Amino acid sequence: MMVDEIVTYETAVTQTLNQHVSVRAFLDKPVLDEMLRTVLNAARRSPTSSNMQTYSIIAVRNPETRQKLAVLAGNQKHIEECDVFVGFLADINRLGIASQMHGETLAKSLETTLVATVDAALVGMSVQTAAESFGLGAVMIGGMRNHPQDVAKLLGFPPGVYMVFGMSIGWPAGESPTAFKPRLPESLVIHHEQYDATDPRPRIADYNAMLAEFYGPRNQNKAAWSGPIAKRLNKPSRPHLRQTLEAMGFHFD
Ligand SMILES: Cc1cc2nc3c(=O)[nH]c(=O)nc-3n(C[C@H](O)[C@H](O)[C@H](O)COP(=O)(O)O)c2cc1C
């Protein structure tokens, strides 16, 4: 008779992923160039749409530049206080040059914008995981899309390049976390074969309560998930983004 076995699968990678937390406080301890290089080069193995590699990575150590980036991101101090700030750029400039090398003109479209943005995001996630596998801490910085043109000017981007998000990286200050920010329940985000559209409201309410418990009484304003999100999204966020990215050489149609 076959006995059902309960197998728990775990690898170094799933362990790293399961212990992810965003880190915003850093020790005054350098991330050595070789370690950073190892992390960034491992991330360059990420899959990329049609091998087009429509992204670039920029590492910024200069404190003055990071101070300016921190202001542009809405005064996010960890950009100044980390050891190295890394930006993930959607880069269709290089595609344009590659096309010109063959007498062609790059036909920019929503698809090229999406491909470049997705490529940048994939490599960024790989950097986060690789960095965490070394015990480094990191937090992604979407605040880089507050003022994309100023970021581009500060870092010398050519047309057709914008920073999708950045990442503050360094050695985490303080104790290793014992609690991890809970995620929405598995049943709400993982579907099998067919999308399960069963009323999500009870499970959202449960999640709100779980998140409130995670944050504790001092952070109730952050606590419930759906409430703050509803407030935040009752108007378009970054309403000028399309116009700005178009001025930077990206198309949305
Ligand atoms: C694309 C992206 C942009 C983000 N931007 C910021 C940011 O600008 N500032 C910040 O403090 N955290 C930022 N975060 C981190 C999220 O707030 C964080 O991942 C989320 O709250 C879950 O918490 P955890 O990563 O600690 O589990 C960003 C995350 C992502 C994926």
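Since the structure is predicted, the reported quantities are computational estimates derived from the model, not experimental observations. Note that ligands are numbered from 1 as they come in the structure, with each ligand's atoms numbered from 1 the same way.
Each of the atoms 5 (N), 6 (C), 7 (C), 8 (O) of ligand 1 lies under 4.0 Å from some heavy atom of Ile141. Near Gly143, the atoms of ligand 1 lying under 4.0 angstrom from a non-hydrogen atom of the residue are 8 (O). Atoms of ligand 1 lying under 4.0 Å from at least one heavy atom of His20, given by number and element, are 24 (P), 25 (O), 27 (O). With ligand atoms numbered from 1 in the order given, ligand 1 contributes 3 (C), 4 (C), 5 (N), 6 (C), 7 (C), 8 (O) to contacts under 4.0 Å with heavy atoms of Gly142. Of all atoms in ligand 1, listed by their number and element, those nearer than 4.0 Å to a heavy atom of Gln76 are 7 (C), 8 (O), 9 (N), 10 (C), 11 (O).
The hydrophobic clustering, which links ILVMFWY residues whose side-chain heavy atoms are closer than 4.5 Å, places Ile57 and Leu89 apart.
No hydrogens or angles considered: a donor-acceptor pair under 3.5 Å links the side chains of Tyr162 and Thr117. Judged by distance alone, the side chains of Asp119 and Ser49 never bring a donor and an acceptor atom under 3.5 Å apart. For the residue pair Thr54 / Arg94, no side-chain donor-acceptor distance below 3.5 Å is found, with atom types taken as modelled. In the model, Glu104 has no side-chain atom that pairs as donor or acceptor with a side-chain atom of His102 under 3.5 Å. In summary, the side chains of Gln15 and Glu10 do present a donor paired with an acceptor at a separation below 3.5 Å, with no hydrogens or angles considered.
For atom 17 (O) of ligand 1, the nearest protein heavy atom (residue, atom name, distance) is Arg24 NH2, 3.4 Å. Taking atom 26 (O) of ligand 1 as the reference point, the nearest protein heavy-atom neighbour is Ser22 N, 2.8 Å.
With a 4.0 Å cut-off on non-hydrogen atoms, Val139 touches ligand 1 through its side chain and not its backbone. When heavy-atom distances to ligand 1 are checked against a 4.0 Å cut-off, Met144 has no atom that comes that close, whether in backbone or side chain. Of the heavy atoms in Arg183, only side-chain atoms (C-beta onward) come closer than 4.0 Å to ligand 1.
Considering each of Lys181, Lys77, Met140, the one bringing a non-hydrogen atom nearest atom 29 (C) of ligand 1 is Met140.
Among the atoms of Val21, none of the N or O lies under 3.5 angstrom from an N or O of ligand 1.
Taking the six-membered ring where tryptophan is involved, the planes of Phe165 and Phe88 are tilted, since the angle between them lies from 30° to 60°.
The main-chain N or O of Ser126 is never found under 3.5 Å from a side-chain atom of Thr129 such that the two would form a donor-acceptor pair.
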